[in-house]
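First up is the structure itself, then whatever we jot down about it.
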There are 2 protein chains.
Amino acid sequence: MVSSSNRPGRRPGPSATREAILAAARAAFTAHGYDGATIRAVAAAAGVDPALVLHYFGSKRGLFAEAAALPFDPATAIPAIIAGDPATAAERLLRFFLAAWDSGQSRDGLLALLRAAVNDEQAAAMFRARFAGELLGRVAAQLPGPGVEVRVGLVGSTLAGLVFARYIVRLEPLASLPAEGVVAMVAPTIQRYLTGPLELPGAPGEGGSHAPGD
Amino acid sequence: MVSSSNRPGRRPGPSATREAILAAARAAFTAHGYDGATIRAVAAAAGVDPALVLHYFGSKRGLFAEAAALPFDPATAIPAIIAGDPATAAERLLRFFLAAWDSGQSRDGLLALLRAAVNDEQAAAMFRARFAGELLGRVAAQLPGPGVEVRVGLVGSTLAGLVFARYIVRLEPLASLPAEGVVAMVAPTIQRYLTGPLELPGAPGEGGSHAPGD
DNA sequence: CGTTGAATTCTACGCCTGTTGAGTTCGTCC
DNA sequence: GGACGAACTCAACAGGCGTAGAATTCAACG
């Protein structure tokens, strides 16, 4: 490769090393998950010594916490989506969501977060707080009526399923479809979950009480 | 702890050790993922020595392959679901799917498989072949017309999203909802993906079937 | 009763991991 | 032009991992 100066000590010129490490970490976490990504591999990809990674981020968890930050600000993005004709809010939401995932840079961070959520119970809680709380919670705040939580839960479930099929398992032909094609087919589903008629639970009739947990 | 006979050699009486190891492995893979689950932990949970696990299953991958087998036979289950009124096939499919996941025993194996698919590219390919090929492929074989692959892809995406929200992240209130409640709300979506009108990609006339977007 | 093989344990090797502490080079401020 | 701290590397520790091989105990069969 390049002439990797093995010499110790500070390198001349301004240093973009911290950012390089973060980029390498995002890629590594995305490609191999939290456990699979090693500090040594991240350091090698960034062209630095493993100890320098720890020097900057303290620990592997600290590195992950910075690498997996949300690439946009929910506080401003969500209201912008909700504002406007409620009948087409689903299209805007889906379009925004797919754009975030189709952009390579933000996809890496998101995928790392998702992978960690699937693996680690602790990360799942973090995911719940961040994704559910900051994103879906804001959507729920703009919706009227009872059963709002179920509605946004279904929306989140739909989005998660899309991510899984399209970006993780890469199920064809869904994975290669242009975003607009997905919007055309899935937006009606989300729109129904948001504002359409829904047989909400707790309605009279069936009284089956049953918990899926152990 | 109990009087764990640390003595080597065969134990008296008939041995159900192999099954005990498999059960422990399913639980461990489910709880911690492929990498997080260690042979030593599985062995400890089953009350045996780590080397015995290797003696039975050859390697960690071999253990996983047996622990994460599909708990039902797709060749018989899928046609049974498809048969009957096509207008209510979605309900039957969804009900069968949720039953498999709500049953603790099969859920463990399925979750392990899913976790591995998210983590490991190699396992994702295996998942694609198994889930997409054996399950969705059979569904697609019973559907008419063009764009069948997209339709079953959307169905798979919907199911995956439900699993993610309900069993992995445990997003409330979706996670605690009885299965019938989920069926009532989500079956229409799946039914539309299966047999309903869909703006299939590649279809002519992109313009103006809905309100102006951007 | 002796032999054979399966069930089971112990010990250990080699590898990789996250992390640490000491040491070296450079930019910057007085 | 020193002093100081930030950037950076090196070498090493302690621990966990998957796996291998020899040793021990039991069951089954002649």
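All chains are named by letter (A, B, ...) in the order of the sequence lines, taking the proteins before the strands, and each is independently numbered beginning at 1.
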message: Please report the distance, rounded to the nearest Å, between NE2 in B:His55 and P in C:dG5.
response: 14 Å
message: A side-chain contact here means heavy atoms from C-beta on lying under 4.5 Å apart; do A:His32 and B:Asp35 qualify?
response: no
- prompt: Quick one: are B:Leu63 and B:Ile21 in side-chain contact, heavy atoms under 4.5 Å?
  reply: yes
query: Among the nucleotides D:dT9, C:dA7, D:dC8, which one has an atom lying closest to any side-chain atom of B:Leu52?
result: C:dA7
- request: Using a cut-off of strictly less than 4.0 Å, decide whether B:Tyr56 has a side-chain nitrogen or oxygen near OP1 or OP2 of C:dA6.
  value: no
Close side-chain approach of B:Leu114 and B:Ile168, heavy atoms under 4.5 Å: yes
message: Could you check whether any side-chain heavy atom of A:Leu159 comes within less than 4.5 Å of a side-chain heavy atom of B:Phe164, counting everything from C-beta outward?
response: no
- prompt: Can you find a pair of side-chain heavy atoms, one from B:Tyr34 and one from B:Phe64, that are under 4.5 Å apart?
  reply: yes
message: What is the separation between atom CD1 on A:Ile21 and atom C1' on D:dA6, rounded to the nearest whole Å?
response: 14 Å
field: Whole angstrom value for the distance that separates P of C:dT17 from NE2 of A:His32
entry: 11 Å
task: Give me the one residue out of A:Arg26, A:Arg18, A:Arg61 that meets salt bridge (charged side-chain N to carboxylate O under 4.0 Å, His left out) with A:Glu66.
output: A:Arg18
task: Let me have a per-nucleotide readout for nucleotides 12-22 of chain D, 5' to 3', with B, S or -, counting only protein heavy atoms under 4.0 Å.
output: B----BBBBB-
